[in-house]
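Read through the structure below, which is laid out as structure tokens, and then see the notes.
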Amino acid sequence: ACGADDGAAAGGSGPVTLRLGYFPNITHAPAVVGVEKGIFAEKLGSDVTLETKTFNAGPAAIEAIFSGALDATYIGPNPTVNAFSKSRGEAIRVVSGAASGGVALVVKPEITSVEQLKGKKIATPQLGNTQDVALRYWLKEKGLTATKEGGGDVKVVPQENAQTVDTFSSGAIDGAWVPEPFVSRLINAGGKVLVDERDLWPDRKFVITNLIVSTKFLKAHPDVVRKLVEGQAAANEFVNTKPDESQQAISDHIGKITGKPLDVKLIKQAWPTLEFTNDPIASSLKTGLDHAVAVGLTQPVSLDGLYDLTYLNEVLKAQGKPEVAQP
Amino acid sequence: MTSTKTTPRSATGSVALHGVTKVYGQGEHAVLALDGVSLDVAPGEFVCLVGASGCGKSTLLNLVAGLDRVSGGRIELGDGVNPGLMFQESALFPWLTVEGNVDVPLKLRRLPRAQRRERVAELLRTVHLAEFGRKRPHQLSGGMRQRVALARTLALDTPVLLMDEPFGALDAMTRDILHDELERIWTERKLTVLFVTHNVREAARLADRIILLSSRPGRIIYSTPVDVPRPRRIDSPEIGSIAAEVTGRLRTEVGRHGQ
Amino acid sequence: MTSTKTTPRSATGSVALHGVTKVYGQGEHAVLALDGVSLDVAPGEFVCLVGASGCGKSTLLNLVAGLDRVSGGRIELGDGVNPGLMFQESALFPWLTVEGNVDVPLKLRRLPRAQRRERVAELLRTVHLAEFGRKRPHQLSGGMRQRVALARTLALDTPVLLMDEPFGALDAMTRDILHDELERIWTERKLTVLFVTHNVREAARLADRIILLSSRPGRIIYSTPVDVPRPRRIDSPEIGSIAAEVTGRLRTEVGRHGQ
Amino acid sequence: MASDTLADAARADAEISGLDALEIAGRQKTTTRAVTIWASTWPKLAALAIAVGAWQVVVWAEVWPSYSLPGPGTVWQELVRQAGGAQLWDGLATTLRRAAVGYVFSVGVGLLLGLAVARFRVLRAAIGSMITALQTMPSIAWFPLAILLFELSEEAIFFVVVLGAAPSIANGVISGVDYVPPLLQRAGRNLGARGLNLYRYVIAPAALPAIVAGLKQGWAFSWRSLMAGELIVVGISQTSLGAQLTYARELADAPWLLSTMIVILVVGLGVDAAFGAADQAIRRRWGVLDQTGQ
Amino acid sequence: MASDTLADAARADAEISGLDALEIAGRQKTTTRAVTIWASTWPKLAALAIAVGAWQVVVWAEVWPSYSLPGPGTVWQELVRQAGGAQLWDGLATTLRRAAVGYVFSVGVGLLLGLAVARFRVLRAAIGSMITALQTMPSIAWFPLAILLFELSEEAIFFVVVLGAAPSIANGVISGVDYVPPLLQRAGRNLGARGLNLYRYVIAPAALPAIVAGLKQGWAFSWRSLMAGELIVVGISQTSLGAQLTYARELADAPWLLSTMIVILVVGLGVDAAFGAADQAIRRRWGVLDQTGQ
Ligand SMILES: Nc1ncnc2c1ncn2[C@@H]1O[C@H](COP(=O)(O)OP(=O)(O)OP(=O)(O)O)[C@@H](O)[C@H]1O
Ligand SMILES: Nc1ncnc2c1ncn2[C@@H]1O[C@H](COP(=O)(O)OP(=O)(O)OP(=O)(O)O)[C@@H](O)[C@H]1O
Ligand SMILES: [Mg+2]
Ligand SMILES: [Mg+2]
């Protein structure tokens with residue numbers, strides 16, 4: 001790659017522009033609230049211009065980071081790993097966590113036990129993504145088979161999340177292992193939670209959203225990244241302390257972007273399943289990867305150097321909060 | 001082979017126009033192309049239409065063929081008669097060969113293949129294009145295209161034939177030969193023919209009756225029987241004198257309109 | 001106004017064909033349309049081409065106009081001369097009005113608008129279609145379309161005019177008037193004209209020289225000067241006798257090919 | 001229908017006196033404007049009624065749950081609600097502006113590309129077949145390149161739109177040019193139109209019907225590419241129709257999705273009306289409008 | 001080029017004796033088959049070389065990191081690797097099969113729809129404009145309906161494909177039928193072709209060039225809709241090109257994405273060749289192939 005110099009965020013002392021990406025989505029609550037409430041702008045100060053970009057899926061955000069069109073983004077664990085491994089550890093660093101939990105297996109009410117899943121069709125968001133791996137690994141542990149091609153005891157049907165509600169209510173699938181807000185939506189469409197993924201993890205914690213920055217930007221503007229992490233921590237603080245205000249802010253913000261405010265009831269429903277934490281829960285990412293290898297969906301990759309939590313720990317330390325273990 | 005051909009041969013072949021009017025367009029920009037044309041063509045009669053350029057001859061044939069609607073008056077044809085029209089332009093289908101073009105009306109009548117092939121060959125011989133069956137229209141000369149169109153119209157086998165300057169692009173010699181052929185077919189099949197031409201001699205050579213249309217709006221202003229016994233020769237003095245007479249009338253008429 | 005017109009008027013107007021051959025297609029399916037045609041047309045000369053249908057007349061004009069490539073031999077034109085060709089079919093642009101069609105060559109010569117308008121009106125008067133300027137080709141009769149094409153070709157203002165049966169679809173009277181107009185323009189502008197027609201009388205009426213082409217392959221088989229002083233009348237006996245002579249030759253020629 | 005042929009046909013009736021003209025007018029069926037409009041409207045209304053009726057029947061039959069397939073009434077309410085707020089209009093405005101700009105670009109590129117390929121043999125041999133191949137490339141495949149070249153700007157969206165629509169327009173141009181009657185080309189050349197002039201005076205107008213058909217197909221491509229391209233960045237300062245469509249789907253909000261689809265259909269109908277008018281005008285000029293002769 | 005006109009032109013040269021024919025053959029430029037092929041091949045190779053060269057130069061200039069824009073070499077290796085495995089071929093086979101089936105459906109529906117709308121005034125007034133509107137509807141908007149109607153079967157994919165391609169084909173048919181020269185229609189009617197026969201013997205062949213153009217545009221629509229539609233049912237027992245394209249993006253695997261794009265382009269080129277041959281044949285028949293006269 002070329003030097004630390006980058007067109008839009010030119011180094012040196014001059015004004016810096018930080019281009020921050022996120023999804024208008026409940027699992028990105030800290031980002032949404034941070035932007036909506038001006039928390040980032042406040043923490044970044046006047047010499048940093050904040051430019052926000054919203055995405056509806058991971059690939060465009062990663063492509064933007066890769067091409068230098070984006071400096072930092074909130075993103076799920078899957079694109080994080082892909083971006084890191086495809087750039088051979090060059091392109092990105094995780095600088096903070098954002099959210100944990102919010103994933104469940106929702107099934108038709110008549111299914112009440114694992115055994116009843118035999119011969120059923122269960123959807124996941126995408127072949128080989130976190131939820132897909134979690135489902136397959138869980139099935140394996142329960143002694144059920146599921147092939148990549150959709151065969152075996154349980155038929156795993158990867159499909160876009162947008163489609164799961166339709167397929168679930170039309171009876172084309174019997175359940176789905178999906179993140180929020182689709183969990184809540186499936187429940188509203190008559191589904192029942194069979195497995196809350198939190199129950200499968202130590203401390204009921206696993207990463208669902210973290211904050212990554214491009215390595216280039218990190219090298220050129222470490223101070224800006226620290227301010228960003230400060231902003232993230234502050235946003236999390238806000239979300240955790242003022243849930244009602246945050247929920248309203250999320251609803252409004254999504255309305256601005258998508259053309260229709262998200263139903264606050266739905267946000268409230270999903271809220272308890274999520275935990276907003278600055279810890280990227282690196283161990284869960286690593287374990288998820290091991291699971292993926294175990295179910296034969298990927299080759300082992302090294303995640304060494306993915307995390308750069310120095311800024312986060314500085315911030316936490318300054319606030320007198322427990323630091324996060326650097327993996 | 002004489003002018004007794006004006007007597008009925010077949011009830012289906014008659015063509016009768018009663019006060020036929022044709023207006024192109026509407027309102028103040030309307031063009032009156034034909035104004036109250038009444039004409040009775042007996043079955044088996046050979047009528048030639050002459051008139052100045054743009055006087056409504058093609059319009060009249062199109063109306064008789066049922067391709068346009070009359071604006072006034074009415075046209076009566078024998079029951080179930082679909083007159084065959086040979087257009088002023090060749091109107092060949094560019095995507096078909098010469099044979100294919102001539103074959104279309106036969107196919108539409110669902111004749112068996114062998115019979116069709118024979119008929120096509122015969123018709124192409126009639127128009128002296130036997131060796132050109134596999135060519136496409138764009139590979140032919142203007143006169144050749146006209147002859148293919150003639151063959152295609154003849155393939156229709158209808159009792160009423162409408163011909164719009166069918167021999168305009170042919171040299172004198174080829175035309176003479178086709179005059180003979182047309183006369184032969186007309187006699188054999190007892191056809192009724194409405195024939196538009198600018199060549200008054202040709203009209204006199206072929207017609208039982210010559211009809212002269214005035215310039216816009218087209219009205220029948222003169223009609224003369226041609227009482228010359230057949231077979232006729234186009235360069236015979238009788239034909240010449242009738243042609244001279246008609247030409248005189250035409251000149252007066254066209255002159256009257258200042259053309 | 002006499003046959004002394006065969007003497008050079010303008011060096012640019014000459015047309016010379018040297019052993020011109022035209023083959024359509026290739027290999028064993030080739031058609032030899034013209035075979036070694038040599039012809040010298042003096043500047044200001046009016047040459048009429050006659051010949052059987054399909055003998056290569058249109059081909060010859062297309063070659064002289066530079067629209068097709070010769071297969072052999074060569075064609076020489078005065079420097080920078082772009083001969084105007086009036087096609088056998090009307091070839092009008094259907095998307096333009098009559099005025100628009102006539103205007104095209106003027107526009108291409110970048111004449112100022114006012115001058116163009118005047119010229120178009122004048123040309124339409126020449127072909128007696130002054131009131132039809134705003135019509136579109138499909139609203140005209142066959143003969144009217146032919147006249148528009150004539151006006152468009154005349155608008156080219158070139159010293160060499162190639163005309164492929166320009167008056168085929170016109171009644172005798174209108175044609176006579178246009179003969180006079182054409183002769184007038186030819187005299188005024190000292191044009192060289194190559195004129196294809198099936199009407200041998202028309203050829204005798206207009207030409208300084210009549211040339212007879214044989215049937216496929218086209219070869220020049222007869223050439224005769226028309227030494228009748230102008231102004232001529234198409235029905236004059238001198239014209240008649242020349243026409244008879246040429247017709248005789250034509251008949252022999254066409255007969256020889258069994259058409 | 002035929003009222004314009006007449007406007008053109010002016011002046012030809014010099015010899016028809018006023019009285020004659022009156023008489024003629026009397027003989028014709030005088031179709032008033034209202035009748036014409038009604039004749040072209042009632043089938044649309046009937047089709048609409050049938051479609052909505054069938055939809056309602058299916059909903060009443062409760063084949064699918066109402067959150068999956070809401071009835072026309074629900075969707076209509078949603079549409080009215082949307083129309084009352086600013087988001088729909090903002091989104092529509094943004095998308096229409098992008099569509100206009102993207103389409104103008106596409107038309108420019110498509111026409112130039114088409115003419116160039118149709119004209120130069122070498123170019124046709126080199127990239128002629130590539131045009132169709134490009135046309136078949138899904139929009140999402142271009143996203144990475146678009147982001148690479150234009151970052152997260154509107155230009156990236158336009159890039160995707162142009163790559164979607166321009167090949168389609170170029171193909172229309174090429175097929176139009178290829179089928180220009182040789183006789184008209186020869187006539188044009190003989191009248192002195194060479195090179196560019198031949199294109200201007202003969203080939204372009206002769207190919208116009210096919211070009212308009214290509215432009216219409218191109219519009220569909222550009223609009224669909226735009227709907228996809230708007231997802232490159234779903235926007236913060238402005239929402240868009242593409243984003244609304246996607247989010248309606250992601251939120252499994254069937255009434256919203258259907259009402260957005262209705263908006264898209266209405267836009268499509270509007271654009272079709274424009275193309276229809278252009279086509280009508282060309283056909284009238286060419287004299288292919290009324291086959292039966294008025 | 002002209003070799004087929006000749007095949008048609010047979011028998012006309014009865015009067016040219018063998019010797020004459022030989023002489024003529026000698027006068028013509030004899031272009032061998034090899035020369036013809038080379039003439040149509042070198043521009044393609046040159047274009048390819050330029051494109052790959054430019055790409056390589058950009059990569060060497062290191063404007064973007066190599067994981068963002070890999071070089072031709074890397075992509076080529078990836079392609080070779082893919083070609084060695086079964087996944088690409090399986091996916092290609094699945095997608096091509098779906099494309100074929102979906103396209104055949106679309107052609108059927110599109111032709112019928114187009115002919116019906118072109119023929120019946122009422123139908124045209126009712127749904128004529130709806131066709132373009134439908135054409136502009138993005139594929140993803142149909143997914144919910146497709147799932148509702150067909151669940152997660154291949155039919156759902158075909159539904160989306162047909163809704164994408166059929167309107168485009170229908171539009172081609174309509175524009176073709178609209179521009180059939182009235183003279184030819186009248187000739188056909190006069191020769192006894194009424195109703196369906198008029199369509200069979202006159203209108204369809206006369207409209208063929210426009211119909212082929214519409215079929216080509218329709219192919220592009222159907223292929224793009226398929227790429228999108230294949231995401232409805234991913235990996236139910238088989239992989240597909242559409243899924244691979246999406247995965248390549250999801251995995252941020254630029255070489256894989258580019259190699260998949262190349263596969264799509266190659267398929268597009270193949271299809272274009274088929275359409276090109278059809279078009280060539282029509283133009284030869286119609287005599288519009290060689291404008292300058294051989
Ligand atoms: N479709 C049309 N729209 C408007 N006017 C038309 C149309 N067709 C013909 N006309 C007009 O009707 C008149 C008669 O035309 P028609 O073609 O019948 O003449 P014609 O006698 O056949 O002439 P020609 O000998 O030149 O072929 C002409 O003035 C022409 O302008
Ligand atoms: N494009 C072509 N391809 C093949 N053969 C052709 C082509 N054009 C003309 N011919 C053939 O060349 C010969 C001469 O044609 P041309 O059009 O020059 O005849 P013509 O003398 O003008 O006849 P007419 O008086 O009938 O118009 C004909 O036999 C014709 O079949
Ligand atoms: Mg006429
Ligand atoms: Mg000719």
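In what follows, every chain begins at residue 1, and chains take the letters A, B, ... in the order their sequences are listed. Model, not experiment: these values are computed from the prediction.
Both the backbone and the side chain of D:Leu134 come within contact range of chain E, judged by heavy atoms closer than 4.5 Å. Heavy atoms of D:Ile140 lying under 4.5 Å from chain E belong to its backbone as well as its side chain. Of the two parts of E:Leu184, neither the backbone nor the side chain holds a non-hydrogen atom closer than 4.5 Å to a non-hydrogen atom of chain D. Contact of D:Pro144 with chain E is made through the side chain alone, with heavy-atom distances under 4.5 Å. For D:Thr260, no part sits under 4.5 Å from any heavy atom of chain E, backbone or side chain. Heavy atoms of D:Ile282 lying under 4.5 Å from chain E belong to its backbone as well as its side chain. Within the 4.5 angstrom heavy-atom criterion, only side-chain atoms of D:Phe143, from C-beta onward, approach chain E. Residue E:Leu269 touches chain D through both its backbone and its side chain, counting heavy-atom pairs closer than 4.5 Å. Contacts of D:Ser175 with chain E are made by side-chain atoms alone, with heavy-atom separations under 4.5 Å and no backbone atom involved. At a 4.5 Å heavy-atom cutoff, the contact between D:Ile127 and chain E is made by side-chain atoms alone.
Between chain E and the options D:Gly276, D:Gly270, D:Gly268, D:Gly172, the largest number of non-hydrogen pairs under 4.5 Å is found for D:Gly268. Between chain E and the options D:Met227, D:Arg124, D:Lys44, D:Met130, heavy-atom pairs under 4.5 Å are most frequent for D:Lys44. Counting heavy-atom pairs closer than 4.5 Å to chain E, the top-ranked of the candidates D:Trp223, D:Trp142, D:Trp42, D:Phe221 is D:Phe221. Between chain D and the residues E:Ile264, E:Leu257, E:Val266, E:Ile174, the most heavy-atom pairs under 4.5 angstrom are made by E:Ile264. Options D:Ala141, D:Ala273, D:Ala248, D:Gly128 differ in how many heavy-atom pairs under 4.5 Å they form with chain E, and the most are formed by D:Ala141. Each of D:Ala51, D:Pro138, D:Pro167 has some count of heavy-atom pairs under 4.5 Å with chain E, and the biggest count is that of D:Pro138. Most heavy-atom pairs under 4.5 Å with chain D: of the set E:Thr132, E:Leu148, E:Val122, this distinction falls to E:Leu148. Options E:Ser68, E:Ala47, E:Ala220, E:Ala213 differ in how many heavy-atom pairs under 4.5 Å they form with chain D, and the most are formed by E:Ala220.
Side-chain contact check for E:Asp279 and D:Tyr179: at least one donor-acceptor pair (N or O, by modelled atom type) lies under 3.5 Å. No side-chain donor-acceptor contact under 3.5 Å links D:Gln217 and E:Asn171.
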Decide yes or no on side chain to side chain contact (heavy atoms under 4.5 Å, CB included) for E:Arg283 and D:Asp178, but give the supporting numbers first.
CA-CA 8 Å; E:Arg283 281 161 67 204; D:Asp178 282 353; 3.4 Å; yes
Worked check of ring pair (Phe, Tyr, Trp, His ring centres under 6.0 Å) between E:Tyr103 and E:Trp219:
CA-CA 7 Å; E:Tyr103 188 59; E:Trp219 169 260; 5.2 Å; yes
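Residues D:Gly242 and D:Leu231 share a closest heavy-atom pair of O-CD2, 3.9 Å. The nearest pair of heavy atoms linking D:Val160 to D:Ser225 is O-CB, 3.9 Å.
A donor-acceptor pair under 3.5 Å is absent between the side-chain atoms of E:Arg224 and the main chain of D:Arg224, judged by distance alone. Judged purely by atom type and a 3.5 angstrom limit, E:Ser168 has no side-chain atom pairing as donor or acceptor with the backbone of E:Gly164.
Between D:Leu258 and D:Pro70, the closest side-chain pair of non-hydrogen atoms falls below 4.5 Å. The shortest side-chain heavy-atom distance between D:Leu241 and D:Leu245 does not fall under the 4.5 Å cut-off. E:Trp55 is listed as a side-chain neighbour of E:Leu69, based on a closest heavy-atom distance under 4.5 Å.
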